[in-house]
Amino acid sequence: MTPDVDQTDAAAGTPRPRTGRPARRPNRRTLLLGALGTVAAAAVAVPTALTMSSSGRSDPAPPSRPQGPRSQQRLPRPLIVKTNFRGVRALAFSPDSKILAVGLRDGGIEFWDPRTLTPTIKLRKPSERYYGGRYYGVRDLAFSRDGTLLAGCDGVSTTLWNVAAREEIATLTDTEIDPVKVQSLAFHPHADVLACANMRATVNLWDTGTHEKLATLIDPIGYTKSQQKSVESVVFSRDGSTIATSHEARNVRVWDASAGKIISTIDGLELPVLELAYSPDGSLLAGGTASLSTRDGQVKLWSADSQKEVATLTVPYVTTPGEAIPRKERIVRYVNSVQFSPDGETVIGSVDGDPLIVRWDVSTRKLIDIENTRAYQDSPDLHSAHPMRISPDGTMVTAGLLSDVALWKLP
């Protein structure tokens, strides 16, 4: 990832060629990768300069949410909608919270009205992705910062759609690893870059304008010829200067986004972190995981600057009334999705195995609410609340319950 120029004018933020030879015109790839660090610095110095997207439209502003008592209220009973056993694998809200993109186990992708959970647009029909004798369901979905693009990944490739036109515009495939089983997506908050984390211990960075691969982040421990540990989750920091990844190898890496190098590593985890999320102010990094020794679901909170652990939020182990299960016989209950509320006051996790939606107060680290979603399902055999997403306007929480989708209105 060597730049095409040798020096950078820090004041102007533009490349300056070495004296004594003709200046070379930097290509889009060099400019875009270099801009990741430049934009991050600008985000700290002049936040208002980043309110406009590259297309000239204003990016959605963080919503204003009531402070204090309302965030401490329990969630109301959710709206439940069935998917006729098609199953939900991925969910994503558009930046304006008006579209809920739903990725299904049969490979279909649909746009729903998030307030009524009513399908409005079928973006991709079921079972269009076929490879090696099998169909692949959708693994993750993500909207671009301005809501003009939707990215969806499956066991074959990553696809980009124009949201307004409802048209597929590009397929991103790593020809060096075919098929590349991408399972986590993240758009850069200020640049035209998409990060695709896959099951081969690598993260590809793509230019969403030219659809060219910019760089590949390879985990030095997770990637070997004999064994390739999966990258479970990828997320950009709020200013876009760093990328955090969680790995099947039970660690979390923090990368310099422009240089593609590891800055720090969080080790000592009992089990892998399944999902990462940065707090709205960028000060905290949260990871959904579990304890192997206690079998409890956990949300780890780390300082985004030092990567030091600041808290462990534990999910109470809930059983049927009167049921006593010895700890060593309990099923490990992972926090498989974790999200901060847009105002940063609460962190919400969905738990696989109970299932539960759990909310904590970020400042006090205290438990606010436990939502036992099993009570709302017709079948007691449906034991999963994943994926889970919070709307950008902070008014809704939605989660997939295997064959159902649940929607809670936030207080």
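Under 3.5 Å, the side chains of Ser230 and Gln183 contain a donor-acceptor pair of N or O atoms. A donor-acceptor contact closer than 3.5 angstrom links the side chains of Asp256 and Ser258. No side-chain donor from either of His386 and Ser350 sits under 3.5 Å from a side-chain acceptor of the other. A donor-acceptor contact closer than 3.5 angstrom links the side chains of Ser291 and Ser293. No side-chain donor from either of Thr120 and Asp113 sits under 3.5 Å from a side-chain acceptor of the other.
Remark: Asn251 pairs with His247, Ala249, Arg253, Thr265, Asp267 by the side chain to side chain contact (heavy atoms under 4.5 Å, CB included) rule, at least two apart or across chains. In terms of the salt bridge (charged side-chain N to carboxylate O under 4.0 Å, His left out) criterion, Glu232 has no residue partners (sequence neighbours excluded). Qualifying side chain to side chain contact (heavy atoms under 4.5 Å, CB included) partners for Ala399, counting only residues two or more places apart in sequence or in other chains: Ile357, Met388, Trp408. Taking Gln307 as the reference, Ser264 meet the side-chain hydrogen bond (donor to acceptor under 3.5 Å, both in side chains) condition, with sequence neighbours excluded. Residues passing the salt bridge (charged side-chain N to carboxylate O under 4.0 Å, His left out) test with Arg250: none are found, sequence neighbours excluded. Remark: Ser306 engages Ser303, Lys308 in a side chain to side chain contact (heavy atoms under 4.5 Å, CB included) (not counting sequence neighbours). The side-chain hydrogen bond (donor to acceptor under 3.5 Å, both in side chains) check on Thr398 picks up nothing, with sequence neighbours excluded. Remark: Glu110 engages Arg86, Trp112 in a side-chain hydrogen bond (donor to acceptor under 3.5 Å, both in side chains) (not counting sequence neighbours). In this view, Ser283 and Ser279, Asp281 satisfy the side chain to side chain contact (heavy atoms under 4.5 Å, CB included) rule, not counting sequence neighbours. In this structure, Glu270 has no salt bridge (charged side-chain N to carboxylate O under 4.0 Å, His left out) partners at least two apart in sequence or on a different chain. Evaluation of the salt bridge (charged side-chain N to carboxylate O under 4.0 Å, His left out) rule for Arg115 yields Asp393 as partners, not counting sequence neighbours. In this view, Ser341 and Asp343, Thr346 satisfy the side-chain hydrogen bond (donor to acceptor under 3.5 Å, both in side chains) rule, not counting sequence neighbours.
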(request) Quick one: do Asp154 and Arg124 satisfy salt bridge (Lys or Arg N to Asp or Glu O under 4.0 Å)? Show the steps, please. (result) CA-CA 12 Å; Asp154 49 39; Arg124 189 173 79 187; 3.4 Å; yes
(request) I would like to know whether Arg200 and Asp219 meet salt bridge (Lys or Arg N to Asp or Glu O under 4.0 Å); could you show each step before the answer? (result) CA-CA 9 Å; Arg200 303 292 183 90; Asp219 184 78; over 6 Å; no
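Salt-bridge formation is not detected for the pair Glu275/Lys300: no Lys NZ or Arg NE/NH1/NH2 atom is positioned less than 4.0 Å from an Asp or Glu carboxylate oxygen.
Without hydrogens or angle criteria, Ser157 side chain to Thr173 main chain gives no donor-acceptor distance under 3.5 Å.
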